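Data block below; observations after.
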Amino acid sequence: ITIFADTPARATAGNFLHVPLLGGTTTNEEDIFVVAMELVAAGIVVPDLTELLADLETPSMTPAVFPDISLRPDLRAYHTSEIPVVFGTMPAPSTTEEALSQFVQSAWVAFARDPARGLVNIGWPQYSPNTTTLAQIGNFFNQTGITFTQGQLLDFTCNSIPTLLAVSAQLSALLPAGASL
């Protein structure tokens, strides 16, 4: 990832790639901090805050992954927990999990074949934060596919850098002395 010092000015001027983007996050991205704290306690370096913040942009899709996909029962749909769903590598998946995995794989293929219209052609509208176009994958209402909601309802904290910095400060205060995010 290239980060420019004048990113806000570039964005305002429209100086960025205008290409389709399929991005996402998991419902409980923050659960990865449980693992991060364990790693810090073991003396292992964790990613910088800027790396973590890179994953917190308003997504165009939000996978809500089944809790039993995690090999850790204390973690919910944490950062990267959707990877086994995407690649079909879940250990002993249920019939529902297998169907969800097949749906996600078909969506990725549709996007790869036609980034501009592939998802629209399978009923997945282009994302707009003020409309019901944010895809929730595998949630309570459709465990093998998608349902749609407004992005602003799920991602309100991601729209505020001061909120993210305050959360970062709170998380940093929980780390052992000398450790940092």
Side-chain angles (χ1 to χ4, degrees), residues 1 19-127 132-151 153-155 157-158 164 167-168 171 181:
I1 297 175
V19 297
L21 172 68
L22 176 62
T25 184
T26 54
T27 303
N28 307 107
E29 287 279 341
E30 71 280 2
D31 278 12
I32 196 65
F33 288 115
V34 171
V35 175
M37 290 176 64
E38 291 171 356
L39 292 173
V40 167
I44 300 170
V45 177
V46 296
D48 293 326
L49 178 61
T50 55
E51 292 176 75
L52 298 172
L53 289 177
D55 293 330
L56 297 178
E57 295 179 12
T58 303
S60 59
M61 72 176 224
T62 302
V65 181
F66 293 95
D68 59 341
I69 286 175
S70 171
L71 299 177
R72 301 257 323 245
D74 57 326
L75 300 179
R76 299 165 293 178
Y78 60 91
H79 183 72
T80 72
S81 66
E82 76 281 8
I83 299 301
V85 175
V86 171
F87 291 103
T89 59
M90 299 164 293
S94 67
T95 303
T96 303
E97 291 167 340
E98 183 66 33
L100 176 64
S101 181
Q102 289 174 2
F103 169 78
V104 170
Q105 290 173 5
S106 69
W108 276 44
V109 168
F111 180 78
R113 287 184 177 153
D114 182 357
R117 302 285 311 157
L119 293 176
V120 173
N121 290 340
I122 65 168
W124 188 328
Q126 182 174 341
Y127 175 71
T132 306
T133 55
L134 182 96
Q136 292 185 305
I137 301 174
N139 75 1
F140 175 78
F141 297 106
N142 186 350
Q143 295 183 346
T144 60
I146 52 178
T147 56
F148 298 98
T149 190
Q150 289 187 14
L153 298 177
L154 293 179
D155 295 321
T157 59
C158 296
L164 292 173
V167 169
S168 172
L171 291 171
L181 289 176

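Hydrogens, waters and symmetry mates are skipped; everything else that's a heavy atom, side chains included, is used. None of the values given here were measured: they were computed from a predicted structure.
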side-chain hydrogen bond (donor to acceptor under 3.5 Å, both in side chains) against Q126, all qualifying residues, sequence neighbours excluded: none
Rounded distance [0.5 Å steps], OH in Y127 versus CG in L22: 13.5 Å
Main-chain N/O of V86 paired to Q105 side chain as donor or acceptor, under 3.5 Å: yes
Approximate separation, where rounding is to 0.5 Å, of F111 CZ and L119 CG: 6.5 Å
Side chains of I83 and V85 in contact at under 4.5 Å (non-hydrogen atoms): no
Nearest non-hydrogen partners of E97 and M90, listed with the distance: O-CE, 3.5 Å
Partner residues of A110 under the side chain to side chain contact (heavy atoms under 4.5 Å, CB included) criterion, sequence neighbours left out: I122
Partners meeting side-chain hydrogen bond (donor to acceptor under 3.5 Å, both in side chains) with S106 (sequence neighbours left out): none
Straight-line distance of E82 CD to F87 CZ, nearest 0.5 Å: 9.5 Å
Heavy-atom side-chain contact between I146 and F103 under 4.5 Å: yes
S101 versus P84, closest heavy-atom pair with distance: OG-O, 4.4 Å
T144 and its side chain to side chain contact (heavy atoms under 4.5 Å, CB included) partner, picked from I137, T95, T96: T96
Rounded distance (nearest 0.5 Å) linking atom CG of N121 with atom CZ of R113: 12.0 Å
Minimum-distance pair of heavy atoms, taken over all atoms of F148 and G123: CZ-O, 3.6 Å
